[in-house]
Enquirer: 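My questions will all concern the structure given below.
Note that the coordinates shown come from a computational prediction; the quantities given were computed from them, not determined experimentally. Every number for a ligand or one of its atoms is a count from 1 in the order of the listing.
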Amino acid sequence: MALIVQKFGGSSVADAESIKRVAARIVETRQAGNEVVVVVSAMGDTTDELIDLADAVSTVPAPREMDMLLTAGERISMALVAMAIRSLGHDARSFTGSQAGMITDAKHGSARIVDVTPGRIRSALDEGAIAIVAGFQGFNRSTGDITTLGRGGSDTSAVALASALDAEVCEIFTDVDGIFTADPRVVKKAHKVDRITSEEMLELAANGAKVLYIRAVEFARRHGVTMHVRSSFNHNEGTIVYNPKEGEEAVEEPIITGVAGDLSQAKVTVVGIPDVVGKAAEIFTIIAEAGINLDMIVQNVPAADTGLSDISFTVAKTDGQAAIDALNAAQAKIGFDKVIYDDEIGKLSVVGAGMRTNAGVSAQLFTALSTAGINIEMISTSEIRISVVTSDTDLNNAMQVVHTAFGLDSNVEAQVHGGTGR
Ligand code: ASP
Ligand code: MG
């Protein structure tokens, strides 16, 4: 008997009708002879509504109470899904994150899973029941308090349980048909991919693709969990996110698997930095000490007559003001002229494991962009990714021309459901 973990996102359990549909789907999997563990998110926009409520009663809601509040969302879904399954004549039992053994650190709002002890889930399965687990939540042993894993954390709950229970697959049910070569709302000719490596998925998720949460993919990669992303609204095949075995990677991989766009970044340029040893170290120490993650970095060659150079880097827009403040506070010490901030940028990334073994991918990318008259402001690469910064208004067009240039266009327009992919 195979053990399958199935995760249903908020849009899949948004109302009573959806919950009944999901229950039927779970029973189908059980009747096919599998053991089934289900992880659910809060119904529809419940989490956002609870956050609004908290903000309405308090300017700075206490993190502990916030987690108590938000975990209620998933508890509602888990009990309703269990009831719906029972009314179909199958045994089902719901469990909170702590009952399911999701042990985390103590960081409220963005806790990390440190251990999973799913003894009660295992017993429920042994007794023939379907186990329904509240996603997005855990428990810290030293404080004895309930924690949450951060927005979208149910994906991570599902993957962690799949790993701890040695499940055959972790199915992620959502409102889109799988992973696409690009966001179908931007690139109409995007097509669904059948298989993608977790490494590629990680790069796509880290660079703006929103179907899967990065922490869940990271966990799946580290623990060898196979994910299967599929729609809860139809029985289409979806996308397998797999961890290739030794040697498997070399076989016939497409050069480019997907194109991602990201409008959440801003560019910070430090102008007129004295060209002496140690200045870059000083600047990036300041940024690091402010707790800001940066992505791309570009340093210009100093102009011969002034001996001054510029450094640009990108940060999340939400960190932009903090970066400017931290730099300005150190201006006299470092001795630069000024800081320029530009939040009207877009980042385009092409990702593909086949890049390792194929030359000329950058040339092809830059040619496609220049033919379309799109200016490139910054470039960065990894082994399987090339990213460029353009102006924000060029991003959608850039994604389309690049998608076409790498032969990813499908003959039919992608079917876009109303959903957001969550
Ligand atoms: N309900 C939580 C959220 O909306 C967790 C999840 O959906 O995965 O972020
Ligand atoms: Mg949600």
Side-chain angles (χ1 to χ4, degrees), residues 5-15 18-19 22 26 37-55 61 63-82 94-100 102 104-105 107-113 116 132-139 146-163 170-176 179 201 205 208-220 225 227-233 241 264 316 318 417-422:
V5 172
Q6 301 191 312
K7 181 257 172 180
F8 292 91
S11 59
S12 301
V13 293
D15 50 30
S18 312
I19 287 175
V22 160
I26 295 165
V37 175
V38 175
V39 174
V40 285
S41 295
M43 295 170 69
D45 296 326
T46 302
T47 307
D48 291 312
E49 288 159 13
L50 292 174
I51 292 172
D52 289 346
L53 268 175
D55 290 339
R64 177 184 183 278
E65 302 312 324
M66 198 67 182
D67 279 357
M68 285 298 229
L69 177 70
L70 296 189
T71 49
E74 270 70 13
R75 290 180 63 152
I76 293 171
S77 326
M78 75 178 191
L80 290 171
V81 170
S94 65
F95 298 90
T96 64
S98 53
Q99 288 176 324
M102 305 291 299
T104 71
D105 63 17
K107 197 153 184 279
H108 286 295
S110 59
R112 298 218 150 235
I113 297 168
V116 185
I132 318 295
V133 178
F136 170 64
Q137 54 185 270
F139 172 78
I146 301 295
T147 54
T148 60
L149 308 179
R151 294 310 303 270
S154 302
D155 285 0
T156 316
S157 307
V159 172
L161 266 175
S163 166
C170 179
E171 296 185 327
I172 305 282
F173 286 92
T174 177
D175 55 9
V176 293
I179 309 295
M201 192 62 236
K210 290 189 192 71
V211 183
L212 284 179
Y213 274 85
I214 185 159
R215 277 180 60 191
V217 185
E218 253 165 18
F219 204 106
V225 175
M227 299 170 90
H228 186 177
V229 182
R230 51 197 314 191
S231 169
S232 68
F233 296 85
V241 184
S264 70
T318 47
H417 308 287
T420 57
R422 294 305 314 151

Enquirer: Working to the nearest 0.5 angstrom, can you tell me the gap between Thr148 OG1 and Met68 CE?
Expert: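 Between Thr148 OG1 and Met68 CE, I get 12.0 Å after rounding to 0.5 Å.
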
Enquirer: Indicate yes or no: does an N/O atom of Asp155 lie under 3.5 Å from an N/O atom of ligand 1?
Expert: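 In this structure, Asp155 places no N or O atom under 3.5 Å from an N or O of ligand 1.
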
Enquirer: side-chain contact (heavy atoms from CB on, under 4.5 Å) for Ser94 and Gln99? Distances and angles first, verdict last.
Expert: CA-CA 9 Å; Ser94 65; Gln99 288 176 324; over 6 Å; no

Enquirer: Contact between ligand 1 and Gly10 is defined here as a heavy atom of the residue under 4.0 Å from a ligand atom; is it met?
Expert: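 No, Gly10 has no heavy atoms under 4.0 Å from ligand 1.
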
Enquirer: Quick one: does Gly73 get a heavy atom under 4.0 Å from ligand 1?
Expert: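 Outside the 4.0 Å threshold, so no.
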
Enquirer: For the atom pair CE (Met227) and CZ (Phe219), what is the distance rounded to the nearest 0.5 Å?
Expert: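 That separation rounds to 11.0 Å.
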
Enquirer: Thinking salt bridges, do Arg151 and Asp48 make one under a 4.0 Å N-O criterion?
Expert: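 Asp48 and Arg151: salt-bridged.
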
Enquirer: Are any of the N/O atoms in Gly150 less than 3.5 Å from those in ligand 1?
Expert: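 It does not: no N or O of Gly150 is found under 3.5 Å from an N or O of ligand 1.
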
Enquirer: About how many Å separate CG of Leu212 and OG1 of Thr156, when rounded to the nearest 0.5 Å?
Expert: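 Reported to 0.5 Å precision, the distance equals 10.0 Å.
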
Enquirer: Nearest 0.5 Å, what's the CD1-CD distance between Ile132 and Gln6?
Expert: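 Ile132 atom CD1 to Gln6 atom CD measures 9.0 Å (nearest 0.5 Å).
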
Enquirer: Between Ser154 and ligand 1, which part of the residue brings a heavy atom under 4.0 Å of the ligand: side chain, backbone, both or neither?
Expert: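 It is both parts that get close, each with some atom under 4.0 Å.
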
Enquirer: What atoms of ligand 1 come closer than 4.0 angstrom to any heavy atom of Arg151?
Expert: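 Contacts of ligand 1 toward Arg151, numbered from 1: 3 (C), 4 (O), 9 (O).
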
Enquirer: Is the shortest N/O to N/O distance between Lys7 and ligand 1 below 3.5 Å?
Expert: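 No, since none of the N or O atoms of Lys7 sits under 3.5 Å from an N or O of ligand 1.
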
